[in-house]
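Structure first, then comments.
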Amino acid sequence: LELDVYRDNDGVFVAHGKENTPEDIITTTKLRLDSALRYLSEHAFERNDDPLFLALELLVHNEETACNQIADLLERYFGNRLYKHARGDDIANMSLRDLLGKVVLFSGGGAKGRLETLIHTHWSETFQNISSKTDPNALRGTDTCIRVYPEGNLAGALSLNFNPVSYLISGATFVALNMCMNDAHMEMYMKWFTQSSFVKKVVTIH
């Protein structure tokens, strides 16, 4: 799950939009980060102990105060579930058993202060982050964790989704769709992971 996090005079919030200093362009309703993390803490592990991979897109203009606010909320709502790691550890070398019931934090960069100590890893060759403009066939044969995110075009900016099936069939681990848009593509994606996010299965899409 990726959360795009911004800051305003009232603190930190989640929205979809574009970082545009000094004023951000927001294309969805704001949701306070406090509310988002509280909901996740209550429901993320209701059905199983699959790890929660939480990617933070930090659009807070590198402000340490905002980063510390984010760290406070993460520790408040997830506490011991936050995956603690030694500096230099590579999550790729950890077994799934080590991650069960844990919240693993990712970031594309920009973490400051205490938040930086909570982030486990950034996108890399091990955990690839590729655009939906990439040919799905290019994913075949890879043995890394791959997330496909919406291409940075007008449709992506407006939170419109794309068909995830060709990427999932080709080996993508996750496809980043905008959950605020409950369309046919989102229905396909939810059907794909109906049973368990860590069970590989064949799904017929009509």
Side-chain angles (χ1 to χ4, degrees), residues 1-8 11-17 19 24 28 30-131 144-150 172-180 193 196-198:
L1 178 67
E2 177 176 285
L3 300 177
D4 290 2
V5 185
Y6 296 83
R7 58 94 180 94
D8 60 14
V12 284
F13 65 91
V14 177
H16 189 212
E19 185 179 28
D24 296 317
T28 62
K30 294 179 180 180
L31 174 66
R32 306 317 302 184
L33 182 61
D34 183 285
S35 298
L37 295 183
R38 181 174 65 250
Y39 183 87
L40 288 174
S41 70
E42 293 171 351
H43 300 287
F45 300 100
E46 274 185 331
R47 297 183 180 179
N48 55 52
D49 280 331
D50 284 354
L52 171 60
F53 293 97
L54 188 59
L56 301 174
E57 186 72 17
L58 299 171
L59 303 171
V60 295
H61 305 298
N62 295 309
E63 288 189 2
E64 187 167 343
T65 299
C67 287
N68 285 336
Q69 290 175 343
I70 296 169
D72 288 340
L73 292 172
L74 289 166
E75 290 177 330
R76 178 193 307 172
Y77 288 114
F78 295 123
N80 291 333
R81 285 196 182 275
L82 289 174
Y83 179 70
K84 304 295 184 180
H85 63 285
R87 283 292 178 182
D89 277 359
D90 187 345
I91 195 173
N93 297 324
M94 302 295 161
S95 70
L96 180 58
R97 184 178 293 107
D98 296 323
L99 304 180
L100 289 177
K102 297 296 184 180
V103 178
V104 183
L105 299 177
F106 284 75
S107 174
K112 302 288 184 182
R114 290 190 304 102
L115 181 59
E116 188 175 11
T117 67
L118 298 180
I119 301 295
H120 187 282
T121 189
H122 299 286
W123 299 110
S124 64
E125 291 184 2
T126 303
F127 286 81
Q128 296 184 48
N129 194 33
I130 68 172
S131 168
T144 58
C145 180
I146 299 174
R147 188 192 78 148
V148 183
Y149 63 87
T173 314
F174 313 106
V175 177
L177 298 184
N178 296 292
M179 298 194 74
C180 58
F193 292 109
S196 173
S197 60
F198 274 84

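Remember, it's a predicted structure, so these values are computed and weren't measured experimentally.
- The side chain to side chain contact (heavy atoms under 4.5 Å, CB included) test applied to Ala176 returns Arg147, Tyr149, Pro150, not counting sequence neighbours.
- Between the OH atom in Tyr83 and the CD1 atom in Ile119 there is a gap of 14.5 Å [rounded to 0.5 Å].
- The side-chain heavy atoms of Leu40 and Leu1, taken from C-beta on, include a pair separated by under 4.5 Å.
- Residues Ala172 and Val148 come closest through the heavy atom pair CB-CG2, 3.9 Å.
- The side chain to side chain contact (heavy atoms under 4.5 Å, CB included) check on Asp4 picks up Glu2, Tyr6, His16, Glu57, Leu59, with sequence neighbours excluded.
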Checklist entry - Given the rule in the side-chain contact (heavy atoms from CB on, under 4.5 Å) test, do Ile70 and Leu58 qualify, once you have shown the distances and angles that lead to the verdict? => result CA-CA 10 Å; Ile70 296 169; Leu58 299 171; 3.8 Å; yes

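- Partners of Glu42 under the side-chain hydrogen bond (donor to acceptor under 3.5 Å, both in side chains) rule, at least two apart in sequence or in another chain, do not exist in this structure.
- Between the side chain of Asn68 and the main chain of Arg114, a donor-acceptor pair closer than 3.5 Å is present.
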List the atom pairs, donor and acceptor, that lie under 3.5 Å between side-chain atoms in residues 60-67 and the rest of the protein, sequence neighbours left out.
from: His61; atom 1: ND1; to: Glu19; atom 2: OE2; distance (Å): 3.0
from: His61; atom 1: ND1; to: Thr21; atom 2: OG1; distance (Å): 3.2
from: Glu63; atom 1: OE1; to: Arg7; atom 2: NE; distance (Å): 3.3
from: Glu63; atom 1: OE2; to: Arg7; atom 2: NE; distance (Å): 3.2
from: Glu63; atom 1: OE2; to: Arg7; atom 2: NH2; distance (Å): 3.4

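- With hydrogens and angles ignored, the 3.5 Å screen pairs no side-chain donor or acceptor of Asn178 with any backbone N or O of Cys180.
- Take Thr173 and apply the side chain to side chain contact (heavy atoms under 4.5 Å, CB included) test, not counting sequence neighbours, and it matches Cys145.
- Interatomic distance, Glu116 CD to Leu105 CG, rounded to the nearest 0.5 Å: 13.0 Å.
- Counting heavy atoms from C-beta outward, Leu54 and Phe78 have side chains that approach closer than 4.5 Å.
- Scanning all heavy atoms of the two residues, the minimum distance from Val14 to Ala36 falls at CG2-CB, 4.3 Å.
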Checklist entry - Going through the checks in order, is the side-chain contact (heavy atoms from CB on, under 4.5 Å) test met by Leu56 and Phe106? => result CA-CA 6 Å; Leu56 301 174; Phe106 284 75; over 6 Å; no

Next on the checklist: Could you walk me through whether Val175 and Leu177 satisfy the side-chain contact (heavy atoms from CB on, under 4.5 Å) test, starting with their C-alpha distance in whole Å, then the side-chain angles of each, then the deciding distance to 0.1 Å, before giving a yes or no?
Outcome noted: CA-CA 6 Å; Val175 177; Leu177 298 184; 3.9 Å; yes

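- With a 4.5 Å cut-off on side-chain heavy atoms, Leu31 and Tyr39 do not count as touching.
- Taking the side chain as every heavy atom from C-beta outward, Phe45 and Leu52 approach each other to under 4.5 Å.
- Under the 4.5 Å side-chain criterion, counting only non-hydrogen atoms from C-beta, Leu37 is in contact with Leu74.
- Listed by first then second residue, pairs satisfying salt bridge (charged side-chain N to carboxylate O under 4.0 Å, His left out) with a partner in residues 30-41 read Asp8-Lys30, Asp8-Arg32, Asp34-Arg38, Asp34-Arg76, not counting sequence neighbours.
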